[in-house]
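By convention in this document, chain letters (A, B, ...) are assigned in the order of the sequence lines, proteins followed by strands, and residues within each chain are numbered from 1. Just so it is clear, the structure is predicted and the values come from calculations on it, not from any experiment.
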Number of protein chains: 2
Amino acid sequence: MASQNTIGFIGTGVMGSSMAGHLLRAGYPVQVYNRTKEKAMPLVDQGATWQARIGDLAAQSDIVITIVGFPQDVEAIYFGNDGVLANARSGATLIDMTTSRPDLATEIARQASEKGIEALDAPVSGGDVGAREARLSIMVGATESAFNRVRPIFDLMGTNVVRQGPPGAGQHTKVCNQIAIAAGMLSVCESMIYARESGLDPYSVLKSIESGAAGSWSLSNLAPRMLKGDFAPGFYVKHFIKDMGIAIDSARRMGLELPGLNLAEKLYQRLAAAGKENNGTQGLFWLYEQGLQKSETSTQTH
Amino acid sequence: MASQNTIGFIGTGVMGSSMAGHLLRAGYPVQVYNRTKEKAMPLVDQGATWQARIGDLAAQSDIVITIVGFPQDVEAIYFGNDGVLANARSGATLIDMTTSRPDLATEIARQASEKGIEALDAPVSGGDVGAREARLSIMVGATESAFNRVRPIFDLMGTNVVRQGPPGAGQHTKVCNQIAIAAGMLSVCESMIYARESGLDPYSVLKSIESGAAGSWSLSNLAPRMLKGDFAPGFYVKHFIKDMGIAIDSARRMGLELPGLNLAEKLYQRLAAAGKENNGTQGLFWLYEQGLQKSETSTQTH
């Protein structure tokens with residue numbers, strides 16, 4: 001893909017700003033749009049062009065990349081008169097990197113193909129650090145040809161770039177990722193609260209258990225923060241709740257019931273209801289510290 | 001600790017046989033007892049002495065090590081007229097390496113100390129491979145002096161030997177280990193069943209997710225076996241149910257409710273009720289494949 005292809009980048013939050021920065025430094029002309037304009041200004045200082053309207057950005061880009069908060073934001077950006085789909089050039093490529101609904105990804109791809117446009121879904125994991133260091137895992141749903149065409153762009157942002165299947169497959173894979181985290185967070189909280197309540201030194205317990213069959217990224221990375229009472233995000237509770245909601249909804253469409261995921265979502269909802277939705281996901285430990293994980297307390301806290 | 005100290009070893013199953021073998025090769029005189037005599041014969045061939053009665057073994061050992069199946073087996077071995085406590089020498093050291101109840105460990109230590117004997121609890125993780133390769137994690141509850149005295153013996157069997165606190169602390173730490181595994185198993189099963197049901201290639205999904213925040217020992221080591229339908233133990237379902245029962249009971253004594261652990265135990269009980277208790281713990285995936293994880297099916301399968 002020649003460097004002169006213009007990239008339109010929508011969503012310059014913590015993740016998007018780092019990702020767009022890599023594209024700028026690689027020599028791509030980048031146009032940016034963000035709901036809160038000020039957050040896009042550092043990229044403009046680095047050479048990006050501000051676009052005040054999504055339609056204008058889409059009309060002037062060969063590739064449009066979006067990474068925003070919620071599926072409803074994705075809908076607002078892609079659909080409607082000033083949206084990406086109505087204004088994108090024929091032959092353009094659209095890439096949604098938001099963690100969003102699989103069925104929304106396939107719907108965007110369907111509508112895009114009617115206009116001679118290819119749409120990919122490519123959600124990521126790796127967080128703000130992964131975005132900054134261009135070490136994201138990028139899970140791609142796309143035709144093979146579209147994937148091969150934009151692969152050089154993905155490689156500027158991530159180290160683990162995998163095409164998982166046709167449009168929608170990237171979002172389905174991200175769902176798998178969040179499901180693999182969900183009930184595991186209960187394990188970590190429960191192991192550490194038991195350690196503390198039984199009079200053990202939880203840090204010493206970690207030394208015994210984290211390198212064996214109980215080991216996980218969450219145990220090694222989040223348990224120490226839990227124990228310190230460091231609930232700063234990382235990954236926001238409110239975003240994890242969104243992701244689990246997508247997963248539950250998508251599983252339900254397949255007739256699939258996932259009790260561990262359901263329980264995790266219920267406890268995180270309870271955490272959010274207690275005003276902790278802007279903490280990091282490790283903040284679930286607070287619920288256990290307060291005894292609010294108990295089944296009887298669900299009516300009190302809702 | 002001088003090599004001439006005689007070690008009495010009770011419980012020569014898969015784990016115990018490997019562990020006793022390391023002690024024999026290090027030059028310790030080892031006496032062995034096992035409920036099923038035949039399983040102890042390979043150790044006798046390596047130089048161990050068979051003892052037909054637990055009381056005789058205890059009376060002739062400086063150190064008694066036990067590693068058996070269930071807490072009730074531990075009770076049978078330690079208590080009663082032909083038991084370890086009634087027959088052990090004054091000054092002897094007793095080490096229970098079974099995964100057992102914390103309160104049983106403290107009770108044994110209490111009764112032992114009345115006779116001038118020290119008792120340690122030292123459950124392990126690392127499985128049959130860890131036992132064979134002397135790379136176990138050994139979680140020790142003991143006085144500092146007793147721990148220092150028998151440390152050379154632990155070092156012959158494990159690489160991660162940590163004194164976690166006074167008697168009982170080893171068992172409490174093993175409880176933490178099993179809790180950290182329990183709900184995490186649901187995560188792994190649910191992620192993989194979602195992957196398969198949504199039409200993804202689950203192995204390809206693993207490539208995208210196992211090195212990030214969703215990563216765990218279970219995901220990397222057990223998910224591939226689940227996907228192949230390889231449910232051979234590893235770690236038996238029936239033993240995991242025992243361990244989760246100990247954890248739930250011990251948590252309850254502290255007034256602690258652990259919903260993720262409770263859910264995992266319920267699903268594993270359902271798996272056992274379906275006749276799968278001699279499968280490995282990764283066999284929980286079968287329950288999801290059959291749709292038996294659903295809340296409505298609980299009455300059908302019990």
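Annotation: A:Y236, atom OH; neighbour count of heavy atoms from other residues, nucleotides and ligands within 6.0 Å does not exceed 12. By the 6.0 Å contact criterion, CZ on A:R252 is open, its count of non-hydrogen atoms from other residues, nucleotides or ligands being 12 or less. Counting non-hydrogen atoms of other residues, nucleotides and ligands closer than 6.0 Å to NZ of B:K207 gives a total of 12 or fewer.
B:L258 CG to A:Y288 OH: the interatomic distance, rounded to the nearest 0.5 Å, is 6.5 Å. Interatomic distance, A:L261 CG to B:S191 OG, rounded to the nearest 0.5 Å: 10.0 Å. Atom CD of A:E257 is separated from atom CD of B:E190 by 9.5 Å, given to the nearest 0.5 angstrom. Here OG of B:S250 is found 11.5 Å from CD of A:E197. Values are rounded to the nearest 0.5 Å. With rounding to the nearest 0.5 Å, the separation of OG in A:S187 from CG in B:L186 is 7.5 Å.
When all heavy atoms are compared, the tightest approach of A:P259 to B:L263 is O-CD2, 3.5 Å. Contact record, B:N177 with A:A214: OD1-CB, 3.3 Å, taken as the closest heavy-atom pair. The nearest pair of heavy atoms linking A:K294 to B:G255 is NZ-O, 3.8 Å. Of all non-hydrogen atoms in A:S137 and B:S208, the two that sit nearest each other are OG-O, 2.8 Å. Closest non-hydrogen pair, A:Y194 versus B:P102, comes out as OH-CG, 4.0 Å. Counting all heavy atoms, side chain and backbone alike, A:C176 lies closest to B:I209 at O-CD1, 4.1 Å.
Annotation: maximal heavy-atom pairing with chain A below 4.5 Å, among B:G184, B:S216, B:A183, occurs at B:A183. Comparing B:S220, B:P166, B:A247, B:G212 by heavy-atom pairs within less than 4.5 Å of chain A, the highest count is held by B:G212. Counting heavy-atom pairs closer than 4.5 Å to chain A, the top-ranked of the candidates B:G215, B:G260, B:G165, B:A213 is B:A213. Interface remark: of the candidates A:D201, A:L219, A:T173, A:I179, A:I179 forms the most heavy-atom pairs closer than 4.5 Å to chain B. Chain B forms more heavy-atom pairs under 4.5 Å with one residue of A:N262, A:V205, A:I138 than with any other, namely A:V205.
Checking side-chain atoms of A:Q164 against main-chain N and O of B:L200 turns up no donor-acceptor pair under 3.5 Å.
Between A:S198 and B:V175, the closest side-chain pair of non-hydrogen atoms is not below 4.5 Å.
For A:S211, the part lying under 4.5 angstrom from a heavy atom of chain B is the side chain only. Of the atoms belonging to A:A223, not a single heavy atom falls under 4.5 Å from chain B. Of the atoms belonging to A:I193, heavy atoms from both backbone and side chain fall under 4.5 Å from chain B.
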A:V162/B:S204 under side-chain contact (heavy atoms from CB on, under 4.5 Å): CA gap, chis, key distance, verdict:
CA-CA 8 Å; A:V162 183; B:S204 182; 3.6 Å; yes
